[in-house]
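Scroll down for the structure; my scribbles are underneath it.
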Amino acid sequence: MVRSKLGIDFKKVKYAREIAGSIAADVHSFADNYTTVAVERTLCRLVGIDDIDDAGVPYPNVLVDDLKRKNVLEQGVLFFLANAVIETELPPQQIAERVASESLDITAFPFRSKEEIARALQPFVDTSIRQIAERRKKRECYLETIGEGSRPYLYVIVATGNIYEDVVQAEAAARQGADIIAVIRTTGQSLLDYVPYGATTEGFGGTYATQENFRIMRRALDNVGEEIGRYIRLCNYCSGLCMPEIAAMGALEGLDVMLNDALYGILFRDINMQRTMVDQFMSRVINGFAGVIINTGEDNYLTTADAVEEAHTVLASDLINEQLALLAGLPEEQMGLGHAFEMDPDLENGFLFELAQAQLTREIFPKAPLKYMPPTKFMTGNIFKGHLQDALFNMIGVWTSQGIQLLGMPTEAVHTPFMSDRYLSIENARYIFNNMRNLGDEVEFKAGGIIQKRAREVLDNTIALLEELQEGGLFNALEKGIFGNIKRAKNGGKGLDGVSVKGTQYYNPFIDLMNPKPDKL
């Protein structure tokens with residue numbers, strides 16, 4: 001066991017993990033019995049169904065909505081697709097097109113055995129598995145040949161609304177030193193129960209997440225990465241009502257990082273908790289197989305709750321998210337668990353408290369590429385003070401060996417960043433990271449001092465909270481407003497009508513193929 005600079009008791013950490021594991025197992029046992037319209041659309045995409053019909057409706061939606069209207073969705077789209085493939089000898093794409101034209105009813109064919117269904121779908125399943133595996137190998141090849149930047153990765157956003165303009169800004173940021181480019185989604189896309197199609201040029205506060213947009217940006221970053229001799233990672237969002245679908249599209253197109261957290265959608269987008277917990281599992285299975293680093297959204301709790309008083313809720317959520325991710329086969333090395341530099345800058349010794357929290361998170365999750373968020377809640381129009389706040393944030397990032405440093409902008413809370421803002425942020429971080437690279441190796445914390453006391457207090461409060469959650473379960477905690485001081489109803493929010501209990505004919509081979517259990521290895 002590595003010695004704790006904070007003097008924390010790792011037996012307490014182990015105990016906290018055990019409780020978090022129990023909470024996560026309870027959620028998983030619920031989610032494992034259900035499917036959703038988003039999961040079924042994902043399966044459509046994973047057997048080769050793409051494109052839109054004459055009315056602009058994605059074919060995966062056409063198929064799944066048809067089954068939902070006929071009250072048979074619980075048996076799963078692959079069951080009915082396979083029956084149709086056997087009977088018509090057509091591939092899934094052509095079957096979807098015929099369903100859209102109302103010339104085919106995939107529920108009308110004789111029901112085949114599970115063995116026959118598996119054989120009929122095998123070629124299509126194998127194709128997508130192979131495509132995702134090849135995408136992962138391409139990334140690994142780049143990392144082995146041209147390499148990448150050192151951690152903490154410098155993460156910046158582009159958000160013009162136009163994918164082609166995003167490319168221009170992303171290429172500039174890569175040349176300036178960015179390691180990860182995140183294409184922010186257009187406002188409200190997380191609440192769309194379908195994925196838009198094709199290249200898009202009109203978004204609001206961001207750019208639509210589509211498979212074609214993923215393809216365009218991935219190609220651009222590969223080209224600029226080869227030019228500058230450094231692999232550039234691409235990030236987007238598989239959260240919201242299409243969580244697993246976008247995860248599949250990202251896996252097929254070679255994304256490296258994806259925002260992926262059901263708790264964020266429940267709290268900040270009012271998505272039904274039952275729906276999104278089911279969706280989250282499938283999305284994380286895909287991300288795990290594709291080698292994608294997920295980013296979780298605990299940092300957002302501190303935009304609505306006080307960072308001093310509620311720091312333990314962030315750590316508790318990180319521990320639960322870790323256990324949920326492990327159940328989906330996602331290794332620790334792909335868990336960008338979230339936390340943030342969000343204390344009031346007028347707080348005396350606030351920097352020490354922030355340092356304690358960041359070091360505590362690093363010690364508890366030593367393998368995770370932690371996602372560290374910049375100050376936002378207390379940023380104002382004073383760009384000079386904001387730049388100093390970002391500098392303090394960057395100091396803690398390199399000091400505590402964070403994995404992913406989301407760079408703050410001098411104009412945070414003023415406007416979508418200009419290229420010049422992004423340059424200043426990258427310059428700030430590179431200067432500090434270079435000059436303070438090994439500070440964490442050189443500095444010890446005073447025994448019994450402010451930093452150690454704060455870390456121990458947060459850990460103790462975290463354990464107390466987890467014990468409370470174990471009593472009532474995660475769903476109950478979300479109804480009580482434990483996280484972010486936001487209350488959500490178990491049967492409320494958006495998307496509950498898209499949840500179905502799995503039927504006796506239900507078939508989804510991708511779970512076992514992408515997340516094999518140890519006894520199957």
*asked:* Looking at Gly297, is its backbone amide N or carbonyl O close enough to the side chain of Asp261 to form a donor-acceptor pair, meaning the two atoms are under 3.5 Å apart?
replied: yes
_Least distance between heavy atoms, Phe341 atom then Gln389 atom_ = CE2-O, 4.0 Å
_Side-chain donor or acceptor of Asn515 paired with backbone N/O of Ile511 under 3.5 Å_ = no
*Gly408 backbone acceptor or donor facing Ser425 side chain under 3.5 Å*: yes
*Is Arg233 salt-bridged to Glu148, going by a charged N under 4.0 Å from an acidic O?*
yes
*Between Glu134 and Lys138, does a salt bridge (Lys or Arg N to Asp or Glu O under 4.0 Å) hold up when you go through it step by step?*
CA-CA 6 Å; Glu134 287 173 354; Lys138 184 174 181 180; over 6 Å; no
*Of all the heavy-atom pairs spanning Leu469 and Ala477, show the shortest one and how long it is.*
CD2-CB, 3.1 Å
*Say whether, by atom type as modelled, one donor and one acceptor occur between the side chain of Glu342 and the main chain of Pro375 under 3.5 angstrom.*
no
*Taking every non-hydrogen atom, the tightest pair across Ala16 and Leu319*: CB-CD1, 4.0 Å
*So, Asn223 versus Glu171: side-chain donor-acceptor pair below 3.5 Å or not?*
no
*Inspect the contact between Lys12 and Asp460 and indicate whether a charged nitrogen and a carboxylate oxygen are less than 4.0 angstrom apart.*
yes
*Could you verify whether a donor N or O on one side chain and an acceptor N or O on the other, from Asn438 and Asp441, lie under 3.5 Å apart?*
yes
*Can you tell me how far the CE atom of Met409 sits from the CD1 atom of Ile426, to the nearest 0.5 Å?*
7.0 Å
*For the pair Arg230 and Asp179, evaluate salt bridge (Lys or Arg N to Asp or Glu O under 4.0 Å) and give the outcome as yes or no after the intermediate values.*
CA-CA 8 Å; Arg230 191 178 80 254; Asp179 300 305; 3.3 Å; yes
*No-hydrogen, no-angle side-chain donor-acceptor test under 3.5 Å, Ser4 and Glu363*: yes
*Under the 3.5 angstrom rule, does the side chain of Asn33 hit a backbone N or O of Ser29 as a donor-acceptor pair?*
yes
*Checking Thr207 side chain against Gly161 main chain: does a donor-acceptor pair fall under 3.5 Å?*
yes
*Ring-ring centroid check Tyr423 Phe418, cutoff 6.0 Å*: no
*So does Glu140 pair up with Arg136, basic N to acidic O under 4.0 Å?*
yes
*May I ask you to check whether Tyr372 and Phe393 place their ring centers less than 6.0 Å from one another?*
yes
*Say whether, by atom type as modelled, one donor and one acceptor occur between the side chain of Asp421 and the main chain of Pro410 under 3.5 angstrom.*
no
_Distance-minimising heavy-atom pair for Ile232 and Asp256_ = O-OD2, 4.1 Å
*If every non-hydrogen atom of Val314 is compared with every non-hydrogen atom of Gly338, which pair is closest and at what distance?*
CG1-O, 3.7 Å
*Give a yes or no on whether a salt bridge exists between Arg430 and Glu427, defined as a side-chain N under 4.0 angstrom from a carboxylate O.*
no
*Between NE2 of His28 and CE of Met277, what distance do you get to the nearest 0.5 Å?*
12.5 Å
*Can you tell me how far the CZ atom of Phe433 sits from the CD atom of Gln402, to the nearest 0.5 Å?*
9.0 Å
*Identify the two heavy atoms, one from Met335 and one from Pro369, that lie closest to each other, and give their separation to 0.1 Å.*
O-CD, 3.2 Å
_Regarding Ser190 and Tyr237, do their side chains bring together a donor and an acceptor under 3.5 Å, going by distance alone?_
no
*Answer with yes or no whether the side chains of Arg185 and Ser239 bring together a donor and an acceptor at under 3.5 Å.*
yes
_Tell me if a side-chain donor or acceptor on Arg218 pairs with a main-chain N or O of Gly254 at a distance below 3.5 Å._
yes
*Out of curiosity, Asp306 CG to Asn485 CG, how far, rounded to the nearest 0.5 Å?*
9.5 Å
*asked:* Taking Glu298 first and then Lys371, would you say they form a salt bridge - that is, a charged N and a carboxylate O separated by under 4.0 Å?
replied: no
*Quick one: pull up OG1 in Thr276 and CZ in Phe281 and give me the separation to the nearest 0.5 Å.*
14.0 Å
*CG/Asp279 to OG1/Thr35 distance, rounded to the nearest 0.5 angstrom?*
8.0 Å
_Can a donor-acceptor pair be found, under 3.5 Å and without considering hydrogens, that links the side chain of Asn394 to the backbone of Asp390?_
yes
*Please assess Met395 against Ile432 for the test side chain to side chain contact (heavy atoms under 4.5 Å, CB included), listing each intermediate value before the final yes or no.*
CA-CA 6 Å; Met395 288 179 193; Ile432 290 170; 3.9 Å; yes
*asked:* I want to check a possible cation-pi pair here: Lys490 against Phe30, using under 6.0 Å from ring centre and within 45° of the ring axis as the test.
replied: yes
